[in-house]
Number of protein chains: 2
Amino acid sequence: MTQDYDKRPDDLRIDNLKIDDLRRAFRRQGLRLTPQKVTVWRLFADSTKGLTLPEACRALQEYAIGQATVYRVVNSLCELGFLLHIHGPNGEHRYLAGHSGHVHHLICRTCGHVREVTDCDLSTLEKLLAAQTGFAVEGHHLEFYGQCPRCTPLPG
Amino acid sequence: MTQDYDKRPDDLRIDNLKIDDLRRAFRRQGLRLTPQKVTVWRLFADSTKGLTLPEACRALQEYAIGQATVYRVVNSLCELGFLLHIHGPNGEHRYLAGHSGHVHHLICRTCGHVREVTDCDLSTLEKLLAAQTGFAVEGHHLEFYGQCPRCTPLPG
DNA sequence: CACCTTTATGATAATTTTTCTCAATGACTC
DNA sequence: GAGTCATTGAGAAAAATTATCATAAAGGTG
Ligand SMILES: [Zn+2]
Ligand SMILES: [Zn+2]
Ligand SMILES: [Zn+2]
Ligand SMILES: [Zn+2]
């Protein structure tokens, strides 16, 4: 039976459509979709500010998922493009469930709250750089940082 | 005598002017400039692709600098803005001696070679984001990645 | 559905990285 | 030159990451 995901505690909600995306993506690499992978994915998909690996390990202990598995799954999810890394308030690596397509992030330096930024056109600059440097520019990583509304000190 | 830096092996060259900048910056925080700090700085100032902390520790063993010191100094240099972090080919954190001012980087995904990018105007976008999201946008971090000329597979 | 092949998992150990502690050293001020 | 106080490095300790390997189970097959 492939469908025992329902047994999983559902305090980690996510649209089930994505599960099929996951399965397809893993399959394509000859990998298998397991309940553990789904649970790991759900944890991240549900997080608004991303998690560090140790944080994820601690959170997933509750579901009896070993840390070796967490490390492996997070790596896979990264390689498959389901997770991106961003930097938290202290510069620490955090993994964030990413939507598909070209997306960047606006990160609060105080509380770590993350907001997506879809407005970005650096393609012109990329072409210019390629011409100037001889690099074959393949992409970019862009993070904005500042203070989210809740953390912004009141003006005046 | 404050000037026993010359005793240091000079296979790590750097313009001496910067040393005074360092001293001033440290002083401003009530910190002292020591030969160890200078040596650490020189190592980074001389690196073209940046170093990870462990790499720096290994390299500085030769100069009998303890790892505790390396960690401390790198942190200070970061806070003072002399070092920036970038991501190497495998996503690992690397510390790179940064020039002052607004600078980004173009990083080879194969060999890690880094090239500076000074051409960037995201201020317009920053203002737009601030208006749209309510964030007080303070800055951004931008990395381009691709293949440097030497690593680019020949076309055709 | 039962079977089989192959990947995945998790307990454990081993490494590596990072942080602490503290006595001794040395930078900088007066 | 003397005194103050940040700095240093050895070493211990903690934390994070990776490696092993016997066992469990996913997914395909008939
Ligand atoms: Zn905030
Ligand atoms: Zn972009
Ligand atoms: Zn990073
Ligand atoms: Zn290269």
Side-chain angles (χ1 to χ4, degrees), chain A residues 1-8 19-20 22-41 43 51-80 83 85 88 90-95, chain B residues 1-8 19-20 22-41 43 51-80 83 85 88 90-95:
Chain A
M1 67 200 58
T2 343
Q3 231 54 31
D4 54 345
Y5 308 130
D6 320 70
K7 290 181 191 163
R8 298 270 152 198
I19 301 293
D20 290 325
L22 279 182
R23 172 171 286 113
R24 264 190 296 275
F26 278 112
R27 281 264 183 77
R28 209 170 300 136
Q29 312 287 319
L31 305 179
R32 296 170 182 172
L33 185 61
T34 62
Q36 287 91 339
K37 283 176 180 144
V38 175
T39 303
V40 173
W41 162 249
L43 175 67
L51 298 103
T52 63
L53 247 353
E55 284 171 354
C57 287
R58 281 189 287 274
L60 290 165
Q61 267 184 326
E62 181 179 350
Y63 305 115
I65 296 187
Q67 54 173 12
T69 301
V70 177
Y71 276 81
R72 280 183 295 235
V73 173
V74 167
N75 271 351
S76 297
L77 288 173
C78 263
E79 285 171 11
L80 295 175
L83 293 181
H85 28 261
N90 301 311
E92 78 278 12
H93 253 56
R94 307 189 82 82
Y95 297 82
Chain B
M1 68 199 56
T2 345
Q3 231 54 30
D4 53 345
Y5 308 130
D6 320 69
K7 290 180 190 161
R8 297 272 150 196
I19 301 295
D20 290 326
L22 278 182
R23 172 172 286 113
R24 264 192 294 277
F26 277 113
R27 282 264 183 77
R28 210 170 300 136
Q29 312 287 318
L31 305 178
R32 297 170 182 171
L33 185 61
T34 62
Q36 288 89 340
K37 282 175 181 150
V38 175
T39 304
V40 173
W41 163 248
L43 174 68
L51 297 102
T52 63
L53 249 351
E55 283 172 354
C57 287
R58 281 190 286 274
L60 291 165
Q61 268 183 323
E62 182 180 350
Y63 304 114
I65 297 187
Q67 54 174 10
T69 301
V70 177
Y71 276 81
R72 281 182 295 234
V73 174
V74 167
N75 271 353
S76 297
L77 289 173
C78 263
E79 285 172 10
L80 295 174
L83 293 181
H85 29 261
N90 302 310
E92 76 279 13
H93 253 60
R94 308 190 83 82
Y95 297 83

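Convention: sequence-line order gives letters A, B, ...; per-chain numbering from 1.
For Lys37(A) (side chain) and Arg23(A) (main-chain N/O), no donor-acceptor pair under 3.5 Å exists by modelled atom type. Although no hydrogens or angles enter the test, the distance criterion places no donor-acceptor pair under 3.5 Å between the side chain of His85(B) and the main chain of Gly91(A).
Annotation: the span from Leu51(A) atom CG to Leu83(A) atom CG amounts to 9.5 Å, rounded to 0.5 Å. Interatomic distance, CG of Leu53(A) versus CZ of Arg58(A), reported as 10.5 Å (0.5 Å rounding). Distance check, rounded to the nearest 0.5 Å: CD1 of Ile65(A) to CG of Leu43(A) gives 8.5 Å.
Regarding Glu92(A), its CD atom lies at a distance of 15 Å from the C1' atom of dA15(D), rounded to whole Å. Atom pair Gln61(B):CD and dT16(C):P shows a separation of 13 Å (rounding to whole Å applied). Spacing between atom CZ of Arg24(B) and atom P of dA27(C) amounts to 20 Å, rounded to whole angstrom units. Rounded to whole angstrom, the span from the CG atom of Leu22(B) across to the P atom of dC28(C) amounts to 12 Å. Across the protein-nucleic acid pair, Tyr71(B) atom OH and dT21(C) atom P stand 17 Å apart, rounded to whole Å. Regarding Asn90(A), its CG atom lies at a distance of 15 Å from the C1' atom of dT18(C), rounded to whole Å. When rounded to the nearest whole Å, the span between CG of Leu51(A) and P of dA16(D) equals 14 Å. When the C1' atom of dA19(D) is taken as reference, atom CG of Asn75(A) falls 14 Å away, rounded to whole Å.
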Could you give the side-chain donor-acceptor pairs of residues 69-77 of chain A under 3.5 Å, partners two or more places apart or in another chain?
unit_1	atom_1	unit_2	atom_2	d
Thr69(A)	OG1	Arg72(A)	NH2	3.4
Ser76(A)	OG	Arg72(A)	O	3.2

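One axis for each end of the helix from dC1(C)-dG30(D) to dC30(C)-dG1(D), each built from five base pairs, and the angle between them comes to 50° at 10° resolution.
For the segment residues 52-59 of chain A, the set of residues with a heavy atom within less than 4.0 Å of an atom of DNA chain D comprises Leu53(A), Pro54(A), Arg58(A), in numerical order.
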For nucleotides 6-13 of chain D, 5' to 3', base contacts (B), sugar-phosphate-only contacts (S) and non-contacts (-) with protein non-hydrogen atoms under 4.0 Å give BSBBB---
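Taking all atoms of both residues into account, the shortest heavy-atom contact from Leu80(B) to Ala25(B) is CD2-O, 4.0 Å.
Glu92(B) is linked by a side-chain hydrogen bond (donor to acceptor under 3.5 Å, both in side chains) to Arg94(B), counting only residues two or more places apart in sequence or in another chain. Under the rule for a side-chain contact (heavy atoms from CB on, under 4.5 Å), Glu79(A) has no partner lying at least two apart in sequence or in another chain.
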